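Below: one structure, written as structure tokens.
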Amino acid sequence: MTPALRMPPPETPQPFLPFARPDIGDAEIAAVGTAMRSGWVTTGPKAKEFEQAFTDYLGGQGLQSIAVNSATAGLHLALEALGIGPGDEVIAPTLTFTATVEVVRYLGADPVLVDVDPVTLNIDPAKIRAAITPRTKAIMPVHYAGLACRMDDILAIAREHGLKVVEDAAHALPTTWQGNLVGQLQSDVTVFSFYANKTITTGEGGMAVTRDPTLAERMRIMRLHGMSRDAFDRFTSKTPAWYYEVVAPGFKYNMTDVAAAMGVVQLARLPQFLARRQYLAARYNTQLAALPLTLPASAPHGDTHAWHLYVIRLREGTAITRDQVIQALSDRGIGTSVHYVPLHRHPYWRDRYQLSSTMFPQAEAAYQAMISIPLFTAMTDADQDRVIRALHDVLG
């Protein structure tokens with residue numbers, strides 16, 4: 001009898017516990033209502049306020065924040081502004097969501113996928129170094145689950161080889177590396193996500209952050225059709241200001257004021273959100289320690305893990321498979337996910353670049369064993385206790 005069968009699910013079903021749920025309260029709802037009543041439902045004063053608040057949160061220091069309608073859009077704008085194009089290569093980890101590298105293909109360039117560190121599941125700097133060719137133009141580290149990559153090593157490699165660095169920080173608000181917030185580091189551009197399950201949400205949305213005013217200006221122009229003037233500035237001018245010029249074939253990547261209004265409130269709640277995520281992660285660390293699991297790596301001493309995800313891995317030799325554990329939790333009304341099916345397994349990336357699982361042993365081993373279990377700020381202690389009890393039932 002497998003461990004999953006030792007204790008069947010309760011006969012009386014409990015309410016389904018999702019893998020993630022956004023934490024949206026009356027303040028966010030009121031802010032969205034105010035934005036809608038203002039007459040500015042597209043990019044306007046709230047988007048500008050959110051950009052400034054985000055810059056201020058990161059500490060200013062010459063940073064500029066550009067609000068966009070998704071982190072995917074932000075990554076695309078960043079690479080475009082850096083001049084990435086056909087014939088170029090961009091190095092990224094295979095253990096990430098496809099958005100990280102699909103933007104490379106948007107520009108006609110080629111992603112070069114590399115393996116990850118077996119402990120942190122972040123991109124392995126040694127693999128970056130080995131993948132550099134004369135075509136390499138940029139590195140895209142992904143701060144997996146909210147734990148910072150080894151950015152000192154990555155930035156040193158970039159300096160040595162004259163490469164650009166675009167951080168995929170979709171999971172990394174508010175992550176720190178060596179005491180500095182991700183977004184404050186010396187990368188060319190850092191891109192955050194505000195998708196529904198992220199550490200703060202605008203429903204859909206993202207933010208690109210840079211110190212380089214030239215990059216910031218290019219991203220602002222390209223996020224709204226390549227127009228030389230911001231629509232908000234034109235429409236609020238007290239004198240006739242209808243004229244603009246299209247200086248490039250841009251995109252439609254602007255964030256709405258409705259989304260930004262939610263973002264302003266969520267950003268103000270971020271310290272509270274972080275404290276709750278840290279509390280829940282610490283409870284998991286303690287309560288799951290005796291099970292045959294590899295628990296997530298913690299941040300180095302003095303640094304902050306954002307705990308966007310809590311990813312457990314079954315230890316080798318466990319008498320139950322990953323998929324059986326997922327099914328057993330589902331039978332108990334508990335949602336899970338897997339982050340991620342590595343890119344080398346997806347038909348497009350696999351076939352285009354002739355990739356195989358043997359090329360990425362660490363990411364492949366992690367994928368075969370990993371489960372993302374519920375962790376979200378609206379989760380109660382009782383919710384978490386259900387997950388912990390279920391895992392003990394299945395694996396204990």
Side-chain angles (χ1 to χ4, degrees), residues 20 22-23 53-61 63 65 71 74 93 95-96 116-117 119-123 125 140-155 165-187 189-195 197-202 206-211 263 265-289 294-312 339 372-379 384:
D23 191 342
F54 202 82
T55 297
D56 293 344
Y57 179 84
L58 292 177
Q61 300 175 347
L63 295 172
S65 299
L95 191 63
T96 187
V116 296
D117 179 276
V119 175
T120 66
L121 303 185
N122 278 323
I123 193 168
M140 294 181 72
V142 178
H143 302 293
Y144 180 83
L147 178 64
C149 296
R150 287 161 50 189
M151 289 306 299
D152 52 344
D153 292 344
I154 293 169
L155 290 168
V165 177
V166 176
E167 295 176 68
D168 182 337
H171 299 181
L173 184 68
T175 296
T176 66
W177 174 252
Q178 296 183 340
N180 295 302
L181 281 165
V182 167
Q184 292 177 338
L185 308 180
Q186 297 303 312
S187 302
V189 185
T190 305
V191 180
F192 297 89
S193 173
F194 309 134
Y195 183 64
N197 69 336
K198 295 303 193 292
T199 52
I200 69 170
T201 185
T202 59
M207 193 77 75
V209 178
T210 184
R211 279 192 177 82
V265 177
Q266 288 266 299
L267 185 62
R269 298 177 66 193
L270 184 54
Q272 165 198 339
F273 288 163
L274 174 63
R276 183 64 184 168
R277 287 180 178 274
Q278 290 174 325
Y279 169 81
L280 293 168
R283 288 189 88 223
Y284 273 146
N285 288 344
T286 300
Q287 298 297 322
L288 302 180
T294 298
L295 302 182
S298 296
H301 179 72
D303 272 324
T304 299
H305 192 315
W307 293 112
H308 164 54
L309 302 173
Y310 193 94
V311 181
I312 59 175
H339 292 88
S372 298
I373 59 176
L375 191 155
F376 52 93
T377 57
M379 185 179 189
Q384 189 178 34

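Because only heavy atoms are used, hydrogens play no part in the values below, and waters and symmetry mates are left out as well, while side chains stay in. The model shown is predicted, which means the values in this text are computed figures rather than measured ones. In this chain, numbering begins with 1 at the start of the sequence shown.
Put simply, the side chain of Glu167 reaches to within 4.5 Å of the side chain of Met151, judged on heavy atoms. Counting heavy atoms from C-beta outward, Gln61 and Arg211 have side chains that approach closer than 4.5 Å.
Nearest heavy-atom pair across Asn122 and Tyr144 is OD1-N, 2.7 Å. Between Pro300 and Leu147, the shortest heavy-atom distance links the atoms CD-CD1, 4.4 Å. Shortest non-hydrogen contact noted between His143 and Ala148 is ND1-CA, 3.4 Å. Shortest non-hydrogen contact noted between Val209 and Ser65 is CG2-OG, 3.8 Å. When all heavy atoms of Tyr284 and Leu295 are compared, the closest pair comes out as O-CD1, 4.4 Å. Here the shortest heavy-atom pairing between Ala306 and Thr199 reads O-CG2, 4.0 Å.
Between the CZ atom of Arg276 and the CZ atom of Phe376 there is a distance of 10.0 Å, given to the nearest 0.5 Å. Here the straight-line distance linking atom CG of Leu280 with atom CD1 of Ile373 works out to 10.0 Å at 0.5 Å rounding. Atom CG of Leu375 and atom CH2 of Trp307 lie 8.5 Å apart (nearest 0.5 Å). In this structure, the separation between CD on Gln184 and CG on Leu63 is 7.0 Å, given to the nearest 0.5 Å. Once rounded to the nearest 0.5 Å, the distance linking CD of Gln278 with OG of Ser298 reads 10.5 Å. Here the OG1 atom belonging to Thr175 is positioned 8.0 Å from the CZ atom belonging to Phe192, to the nearest 0.5 angstrom.
Applying the 6.0 Å contact sphere to OH of Tyr195 captures no more than 12 heavy atoms from other residues, nucleotides or ligands.
By the salt bridge (charged side-chain N to carboxylate O under 4.0 Å, His left out) test, Arg269 pairs with Asp23, Glu28, sequence neighbours left out. Residues passing the ring-ring contact (aromatic ring centres under 6.0 Å, His included) test with Phe194 are Phe50, Phe54, sequence neighbours excluded. By the ring-ring contact (aromatic ring centres under 6.0 Å, His included) test, His308 pairs with His171, sequence neighbours left out.
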Practice item. Take Leu185 and Thr190, measure what side-chain contact (heavy atoms from CB on, under 4.5 Å) needs, and give me the verdict at the end. Key: CA-CA 9 Å; Leu185 308 180; Thr190 305; 5.9 Å; no
